[in-house]
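Each remark here refers to the structure printed beneath this line.
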Amino acid sequence: MQSEEFLNADVTKWVEKFRRDNDGDDSALLTLVPPGLYVILNKYVFPFQFCFGVIGNVLNLCVLLSRNMRNEANILLSAMAICDIILLFTMLPGSLGVWYPVYMSDWFRSFIFKSATWTIFLANFCSCITSWLILGVSVERYMGIRSPIHFRYHWRTSRVFFLIFSIVLGSFFLTFFHTIEYKYGYAMIRNGTKLYGSPVNVDNLVDVPTWVKKMINIFKVLQVVFGVVIPTIGIFIFNMLIVYMLRKSEYFNFRSAETKDEQSKDFSRKYSDLEIRQKRDIKVTFTVLAIICCYFVTHIPSVLPFVLELFNLHPDWVKVYAIPIASSWLITGKVANFVLFCMSSVYFRRRLKEMIRGRVSCGFDCTGPVGGVGGPAKKETQNVDRWVVRCVI
């Protein structure tokens, strides 16, 4: 690798040129994000996205992992919520870099520069996992609607966890190259009192082996193909099949209603459980469809800068406008999952209200009066026990 002295010398020259172009003022380099739109989005938009996204996804996990909501699709959706939370926390340190008390900290500046490549890796890692989890949810919903009995027998919870493990491992393999894609050079600003770091792509380093550069370019193509293109095509195909099966299921229910009087009570009772499961699958599928539509709208624009980079195209409008807007829009999609759950799933809203009501009632019951032996105290203890069970579900 090119020595740190050469990298630092290049960054120092760039900083000196920046000073000359700005009448000797380099205060604009203090913030840990590029100036302009990056500062506006990280200072005024991301704090709301972070708070709403983390709280919303935590509530999603509480509902989806509760006792009455545990099924194959919800396990996959829970894993997706965990990835969204990790992504938001990954982007939090960089967002804090726009605030004066934070970016003036020498320790924090050093931490941001030294962890930048790992931050890029984690962001791409979580995004790749999310793409394949949404595809897994699409396949699960399609199989559940198409043949619920056969699906329930073959799609075990253990296999779902194995699928999640495979997705995590594959996403790690596809995105780990981001940790070596850039190398940082450093210079001192503000009269030698503050550290400044600038990333340098390894393609621009003369002493990086050619096979390393080719390997990074190959993995970039693999990430676009296997992390974006194939999951997107699969999501589209399976959701078109889901819509087709929903229309077919509605027709089946209509025909069943017409012939209900002609069927015996025993025959109806035989298929009652199957009909209940089909109705539940239809409700869950509408929720999944809403989340997947949000995926298309928010994830596809973020691919544009990546594709341009593959062709060595670096127009200024991409750096100044496209990348920050696409990144912020992608985070909005992560945040929107909680809203989509609440708006499209009646059972989700009902379950969430029950959990909140249970926790509030738990607080009131725990502070209630204590009676005599065998009297009101015993009844109060039973109430508290009941609400405690509901609190931990």
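Scanning both residues, Phe113 and Leu195, for their nearest heavy atoms gives CE1-O, 3.6 Å. In terms of heavy-atom proximity, Phe18 sits nearest to Asp26 at CE2-CA, 4.0 Å. Contact record, Leu64 with Ser78: CB-OG, 3.3 Å, taken as the closest heavy-atom pair. The heavy-atom pair separating Ala187 from Val11 by the smallest distance is CB-CG1, 3.9 Å. Considering all non-hydrogen atoms of both residues, Ser95 and Asn42 come closest at OG-O, 3.0 Å. Of all heavy-atom pairs between Asn239 and Ser138, the closest is ND2-OG, 3.1 Å.
Two residues are said to be in side-chain contact when any heavy atoms from C-beta on lie closer than 4.5 Å; Tyr103 and Phe108 fail this criterion. Between Ile112 and Pro93 the shortest side-chain heavy-atom distance falls below 4.5 Å. Annotation: side chain of Val224 is in contact with side chain of Val229 (closest heavy-atom distance under 4.5 Å). Thr31 has its side chain out of reach of Lys43: every pair of non-hydrogen atoms, C-beta onward, lies at least 4.5 Å apart. Leu77 has its side chain within reach of Val137: a pair of non-hydrogen atoms, C-beta onward, lies under 4.5 Å apart. Counting only heavy atoms from C-beta outward, the side chains of Glu181 and Asn201 approach each other to under 4.5 Å. For the pair Tyr186 and Lys114, the minimum side-chain heavy-atom distance is below 4.5 Å.
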Applying side-chain contact (heavy atoms from CB on, under 4.5 Å), run through Ile230 and Leu135 and close with a yes or a no. CA-CA 10 Å; Ile230 292 179; Leu135 178 58; 5.5 Å; no
Before you tell me yes or no, could you show the steps for Val200 and Leu7 under side-chain contact (heavy atoms from CB on, under 4.5 Å), namely the whole-Å CA-CA distance, both residues' side-chain angles and the distance that decides it to 0.1 Å? CA-CA 8 Å; Val200 179; Leu7 280 174; 4.0 Å; yes
Chi angles and distances behind the side-chain contact (heavy atoms from CB on, under 4.5 Å) call for Phe46, Leu92: CA-CA 8 Å; Phe46 182 78; Leu92 178 61; 4.0 Å; yes
Go through the steps to decide whether Met91 and Thr119 satisfy the test side-chain contact (heavy atoms from CB on, under 4.5 Å), and finish with yes or no. CA-CA 7 Å; Met91 303 187 71; Thr119 299; 5.7 Å; no
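A side-chain donor-acceptor contact under 3.5 Å links Trp329 to the backbone of Val297. Of the possible polar contacts, none joining the Lys183 side chain to the Val202 backbone as a donor-acceptor pair under 3.5 Å is found. A donor-acceptor pair under 3.5 Å links the side-chain atoms of Ser115 to the main chain of Phe111, judged by distance alone. The backbone N or O of Ala123 sits nowhere less than 3.5 Å from a side-chain atom of Ser127 that would complete a donor-acceptor pair. Between the Ser110 side chain and the Asp106 main chain, no donor and acceptor come within less than 3.5 Å of each other. Using modelled atom types, no side-chain atom of Lys194 and backbone atom of Ser27 make a donor-acceptor pair closer than 3.5 Å. Proximity of a side-chain donor or acceptor of Arg190 to a complementary backbone N or O of Leu29 within less than 3.5 Å is not detected.
Atom CG of Asn191 has 12 or fewer neighbouring heavy atoms from other residues, nucleotides or ligands inside a 6.0 Å radius. With a 6.0 Å radius and a threshold of 12 heavy atoms from other residues, nucleotides or ligands, Trp14 has its CH2 atom above the threshold. The environment of Phe296 atom CZ is dense: over 12 non-hydrogen atoms of other residues, nucleotides or ligands sit within 6.0 angstrom. Within 6.0 Å of the CZ atom in Phe226, the count of heavy atoms belonging to other residues, nucleotides or ligands does not exceed 12.
One distance of note links CE of Met80 with CG of Asp84; it measures 6.0 Å at 0.5 Å rounding. Leu87 contributes atom CG, which lies 9.5 Å from atom CG of Asn124 (distance to the nearest 0.5 angstrom). Taken to the nearest 0.5 Å, the CG atom of Leu65 stands 8.0 Å off from the CD1 atom of Ile75. Atoms CD1 and CD1, from Ile325 and Ile323 in turn, are 11.0 Å apart once rounded to the nearest 0.5 Å. In this structure, CZ in Phe177 is found 9.5 Å from OG1 in Thr179, a value given to the nearest 0.5 Å. Atom-to-atom distance recorded for Leu61:CG and Ser66:OG is 11.0 Å, nearest 0.5 angstrom.
Both Val335 and Leu122 belong to a common hydrophobic cluster when Ile, Leu, Val, Met, Phe, Trp and Tyr are linked at side-chain heavy-atom distances under 4.5 angstrom. Under the 4.5 Å side-chain heavy-atom criterion for ILVMFWY residues, no single connected hydrophobic cluster contains both Leu222 and Ile120. Residue Ile129 is grouped with residue Ile86 when hydrophobic side chains (ILVMFWY) are merged at heavy-atom distances under 4.5 angstrom, including chains of intermediate members. In the hydrophobic clustering of ILVMFWY residues, with side-chain heavy atoms under 4.5 Å counting as a link, Trp107 and Tyr100 come out together. Transitive grouping of hydrophobic side chains (ILVMFWY, heavy atoms separated by less than 4.5 Å) brings Val221 and Ile216 into a common cluster.
Phe121 and Trp118 have perpendicular rings, their planes meeting at more than 60° on a 0 to 90° scale where under 30° would count as parallel.
Defined by atom type and a distance below 3.5 Å, a donor-acceptor pair is present between the side-chain atoms of Thr332 and Gln49.
Between Glu16 and Lys13 no salt bridge is recorded (no basic side-chain N to carboxylate O distance below 4.0 Å). No salt bridge links Asp25 with Arg19; every basic N to acidic carboxylate O contact stays at or beyond 4.0 Å.
A distance below 6.0 Å separates the ring centres of Phe89 and Phe50.
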